[in-house]
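Comments concern the structure below.
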Amino acid sequence: MSIIKTLTKDLQKIVSQAGYEVENLILQPSGRKDLGQYQLNDAMTLAKKYGKNPRMIAEDIAKELEKDNRFTNINIAGPGFINITLTDEYLVEIINKISKNIEENIDKEQPKKIIIDFGGANVAKALHVGHLRSANIGESLKRLARLLGHEVLGDAHLGDYGRPLGLVVLEIKKMYPELPFFDENYTGDFSEVELPITNEDLEKIYPLASIKAKEDESYLEEGRDVTAKIQSKVRGYYDLWKKVIEISKADIKEVYDKLNVFYDLWLGESDAVEYMEELYEIFEKAGIIEESEGAKIVEVKEETDNAPMPPLLFEKSNGTLSYQTTDLATILQRMKEYNPDEMWYVTDGRQCLHFEQVFRAARKAGLVDDTVKLEHIPFGTMNGKDGKPFKTRDGGVMSLKNLINLVNEETIKKIDPASVTEEEKKEISEIVAIASLKYADSLPYRATDYVFEIEKFADLEGKTGSYILYSTIRMKSLLAKAISFLPIPMYIPSL
Ligand code: ARG
């Protein structure tokens, strides 16, 4: 029987020892995490049954709970909500039990097909700290959903479409006009053309092109033209764009691999483009597209809204498609190609409005029916000590590689140079740094912001990834030593 089922049964017994019979006790995760991990709401229903004040009933139950050493911080809130927390010892016992036999100790769910859209890296732009959070949280959710028996497809959903890529291709044209991609008369095979550009170059090219486009109207115009050429698959431009994606993707993959984050699908925004025409027809047919100042919009307001809900921008006044439209086309694509029961999106909380609009428009147009669940799973930002999103010293965007390096450098300081070779030191510090970073990122409540504190993250003491690794290795070494002293061979569980 699953741990939660066993616990629920035991709690039912405890309530009955307190003098009350409850039919269907439900152990709920607490709505107030500051008060406890779980809550019991049964005092309220029992109050009616026994004609007693719910708070008194809650107190009787709490007294019984106190006697059980599996629970701690038992407190009563409001009219009679009982909050409980499981002791660390009991949690360890639970985890040990689960790890010995997962199948028996967790409840499998009714299997569903779930697509998790996480990571969201943008081609030709460096991954930043926000991408770490999405990758880390998304990967955890993917593994948990699989454990519960679901069929899960993780999609990297690369940002590989639109003006940023047009600007990158334009800047490459300015730097290397002699490349055959820009020669209309070139008849050779573009796949054989060597591009004199590395991913590091790409990461510099986009910021440069973006500044130029802001300062120079004609450059921006040229950028638009190149974007249009890529989108209408003009030979050369289209091939170069594909090459840029490949270079960038290889680098993105390398970082995700380092983080132990894996995808089943490496699709991008551009893969949804072939569904654009059909999407347009569906929206036209549903009669929900309206003209507004030259743009095409979809109203997504609902009567029950108590906050303003602006319309979704379906097509900009200059005829280009918006981020919202590519997300709608992606929903259509996913339904057609994979037909999932649920789609989860793991992004920064600042995209809440975007997804609310997209989901509402998708339902309004009938892209998905009521049985399909669309869920945005937002997360808070990683901030600097100033409370603003974590930046580099000179105020620039902190790239994920930089962030990993920072933690790495701090970790290296803690390795005793006498005990390892230079090479081992590098290898160990990288493993420990990634563990520290991922652990520190997973520790705070998902939806709230948190502060990046290098000393705390890389600390060898307390709640840190490095401490977990350290303790595991220490235990292993102690056990190995102990075994060598044993007179007879003995079974020692592997850690
Ligand atoms: N590329 C986007 C960004 O960096 C995130 C994409 C999230 N997924 C989506 N389907 N919109 O902000």
Side-chain angles (χ1 to χ4, degrees), residues 114-139 141-142 152-168 202-203 206-207 210 244-245 248-249 251-253 255-256 259 261 263-273 275-276 279 312-314 321-338 340 342-362 367-368 372-382 389-390 397-401 403 446:
I114 304 169
I115 294 187
I116 312 186
D117 177 319
F118 69 104
N122 298 313
V123 165
K125 285 195 209 167
L127 287 163
H128 58 67
V129 300
H131 292 120
L132 164 78
R133 299 224 68 202
S134 179
N136 198 23
I137 297 166
E139 177 70 23
L141 290 173
K142 186 187 80 183
V152 188
L153 289 172
D155 183 12
H157 197 72
L158 294 174
D160 60 358
Y161 203 64
R163 211 172 63 200
L165 267 300
L167 288 176
V168 169
L202 282 180
E203 288 177 3
Y206 177 67
S210 144
V244 168
I245 293 179
S248 180
K249 209 155 120 178
D251 185 76
I252 291 169
K253 197 165 176 303
V255 182
Y256 284 146
L259 292 169
V261 168
Y263 296 94
D264 308 285
L265 305 173
W266 277 89
L267 296 172
E269 289 173 8
S270 69
D271 289 293
V273 170
Y275 288 89
M276 221 44 110
L279 182 82
L312 172 135
L313 185 59
F314 196 81
L321 302 164
S322 69
Y323 177 45
Q324 300 187 308
T325 336
T326 42
D327 259 331
L328 285 169
T330 306
I331 292 181
L332 177 61
Q333 176 194 19
R334 288 179 180 158
M335 289 315 294
K336 292 225 148 190
E337 295 181 17
Y338 304 99
E342 304 196 357
M343 287 180 232
W344 302 353
Y345 296 79
V346 186
T347 82
D348 188 308
R350 286 171 289 191
Q351 296 198 32
C352 281
L353 179 65
H354 164 80
F355 283 107
E356 187 58 37
Q357 291 175 311
V358 168
F359 295 166
R360 285 187 185 194
L367 298 184
V368 292
V372 178
K373 190 166 158 193
L374 300 171
E375 190 164 356
H376 180 216
I377 302 170
F379 52 79
T381 49
M382 183 200 280
F390 191 46
V397 175
M398 173 64 80
S399 77
L400 183 47
K401 279 187 195 160
L403 186 80
R446 188 198 77 234

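All ligand and atom numbering here is 1-based and tracks the order in the structure.
Of all the heavy atoms in K125 and P164, the pair that sits closest is CE-CB, 4.3 Å. Here the shortest heavy-atom pairing between R350 and T381 reads NH2-CG2, 3.1 Å.
Interatomic distance, CD of E342 versus CD1 of I114, reported as 5.0 Å (0.5 Å rounding).
Put simply, the side chain of V261 does not reach to within 4.5 Å of the side chain of K142, judged on heavy atoms.
In this structure R334 satisfies the salt bridge (charged side-chain N to carboxylate O under 4.0 Å, His left out) test together with D117, D155, sequence neighbours excluded.
Closer than 4.0 angstrom to ligand 1 sit non-hydrogen atoms from D117, G120, N122, H131, H157, Y323, D327, Y345, T347, Q351, F355.
The ring pair (Phe, Tyr, Trp, His ring centres under 6.0 Å) test with Y345 singles out one residue from F118, F359, F379, and that residue is F359.
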